[in-house]
Amino acid sequence: MTYLQAGYGLDNNGYISSDVSIHKIPEVYEPCIQHSVEQLSRLFPNQLHSVYVYGSVARGDAIAIKSDLDLLAVFNSTLNASEKMKVKKLSTTLTETYRYLVRDIGIAVADLDHVMNPINYYELAFLKELCVCIYGTDLRDCFGPYKLTAEIAISFNGDIGDVFDRTIDRLQSAPTEEFKKLSQNFARKLIRTYYSMVMARSQVWTTKLDEQSDVFIQYFQDKKPIVRMLQKWIEEAPTSREHVLKLFMSEGTWLAAHFEREARMT
């Protein structure tokens, strides 16, 4: 196996070189994106500040039907529970409408005060390096450039313990189809978290799951069979609830215990 070398994904000064661009968004997704923005604007005419695309669509390597459309909506104020439910219902409706094109349309939410709070500077590497503004005032110029640091890794995936607890609770009672979707989403989360553990020491920047997997395996060879299993589940949803729960509980517990210490290693 040929591993990615230190400096991959970084510019000559060692800063992250973003691999997303509005020019990379495939034309086939434009009606779907426009419709999503229109519906968000209709529901929140005075609250919607800006909307961003991230993930495979923003990188230009999305695969029709198999890939998600990932959106981030920034609001002028914090949404209440009822408003968050509106966003969730919109996500479901849009997913059903565009089932022929996407696996899922996810809409993450944030409020402007949180985004602009200096304490969240490293967290906003996500906005700067992974997102493309498609509506409203682009906030990305307020942040960066960023180098690969433990602070970025922890801000991205330091919540693995909380995510693990919530996901296990949902998986145990989820109907079959929801169980499959949750399993695939958490498999992605685990791989991203694995990569974040070694991101700073590797000095390799990538947002592609296969490359993230290989970077992690370089440092944790014993985890290779588990990573490959997670990759298979992402491609084809698992069916054995017992098998999934056993692996997730084992790996989620291990990550929660070791993540921050490993992420700070150089």
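Since this is a predicted model, take the numbers as computed values, not measurements.
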*Asks:* Do L171 and R241 touch side chain to side chain, with heavy atoms closer than 4.5 Å?
*Replies:*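 In short, these two side chains do not touch, never coming nearer than 4.5 Å.
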
*Asks:* Which pairs with one or both residues in residues 17-34 pass salt bridge (Lys or Arg N to Asp or Glu O under 4.0 Å), sequence neighbours excluded?
*Replies:*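 Found none.
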
*Asks:* Can you list every ring-ring contact (aromatic ring centres under 6.0 Å, His included) pair that touches residues 131-163, not counting sequence neighbours?
*Replies:*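 Sorted result for residues 131-163: Y121-Y146.
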
*Asks:* Checking N120 now: which residues fulfil side chain to side chain donor-acceptor pair (under 3.5 Å) with it, not counting sequence neighbours?
*Replies:*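 Testing N120 for side chain to side chain donor-acceptor pair (under 3.5 Å), a comparison that skips the adjacent residues, returns H114.
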
*Asks:* Mind checking what makes side-chain contact (heavy atoms from CB on, under 4.5 Å) contact with S240, not counting sequence neighbours?
*Replies:*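 S240 satisfies side-chain contact (heavy atoms from CB on, under 4.5 Å) with E242, H243 only.
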
*Asks:* Taking the side chain as every heavy atom from C-beta outward, state whether L10 and L148 have any pair of such atoms under 4.5 Å apart.
*Replies:*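 Touching, per the 4.5 Å side-chain cut-off.
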
*Asks:* State which residues pass side-chain contact (heavy atoms from CB on, under 4.5 Å) with I63; sequence neighbours excluded, sorted by chain then number.
*Replies:*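 Applying side-chain contact (heavy atoms from CB on, under 4.5 Å) to I63 gives K66, S67.
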
*Asks:* Please enumerate all residues that pass ring-ring contact (aromatic ring centres under 6.0 Å, His included) together with Y54, with sequence neighbours excluded.
*Replies:*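 For Y54 the ring-ring contact (aromatic ring centres under 6.0 Å, His included) partners, ignoring immediate neighbours, are F126.
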
*Asks:* Checking F216 now: which residues fulfil ring-ring contact (aromatic ring centres under 6.0 Å, His included) with it, not counting sequence neighbours?
*Replies:*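 Here the qualifying residues are Y194, F220.
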
*Asks:* Of all residues at least two apart in sequence or in a different chain, which pass the side-chain contact (heavy atoms from CB on, under 4.5 Å) check with E38?
*Replies:*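 E38 satisfies side-chain contact (heavy atoms from CB on, under 4.5 Å) with Q34, H35 only.
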
*Asks:* Just by modelled atom types, is the C131 backbone N or O under 3.5 Å from a matching donor or acceptor in the R140 side chain?
*Replies:*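 The answer is yes, because a donor-acceptor pair under 3.5 Å joins these two groups.
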
*Asks:* Closer than 3.5 angstrom, by distance alone: can the side chain of T206 be matched with the main-chain N or O of Q212 as a donor-acceptor pair?
*Replies:*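 Pair absent, no side-chain N/O of T206 close to backbone of Q212.
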
*Asks:* Applying side-chain contact (heavy atoms from CB on, under 4.5 Å), can you list everything that pairs with Q47, at least two apart in sequence or on another chain?
*Replies:*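 If we apply the side-chain contact (heavy atoms from CB on, under 4.5 Å) test to Q47, skipping adjacent residues, the hits are F44, F75, S77, L79, E83.
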
*Asks:* Once side chain to side chain donor-acceptor pair (under 3.5 Å) is applied, do any residues pair with S21, and if so which ones, sequence neighbours excluded?
*Replies:*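 Not a single residue meets the side chain to side chain donor-acceptor pair (under 3.5 Å) criterion with S21.
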
*Asks:* Taking distance alone, no hydrogens or angles, what donor-acceptor pairs closer than 3.5 Å link side-chain atoms of residues 254-266 to residues at least two apart or in another chain?
*Replies:*
from: W254; atom 1: NE1; to: H258; atom 2: ND1; distance (Å): 3.4
from: H258; atom 1: ND1; to: W254; atom 2: O; distance (Å): 2.8
from: E260; atom 1: OE2; to: R264; atom 2: NE; distance (Å): 3.3
from: E260; atom 1: OE2; to: R264; atom 2: NH2; distance (Å): 3.3
from: E262; atom 1: OE1; to: R201; atom 2: NH2; distance (Å): 2.7

*Asks:* Going by the rule ring-ring contact (aromatic ring centres under 6.0 Å, His included), which residues pair with F164 if we only count those two or more places apart in sequence or in a different chain?
*Replies:*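 Result, ring-ring contact (aromatic ring centres under 6.0 Å, His included) vs F164: none returned.
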
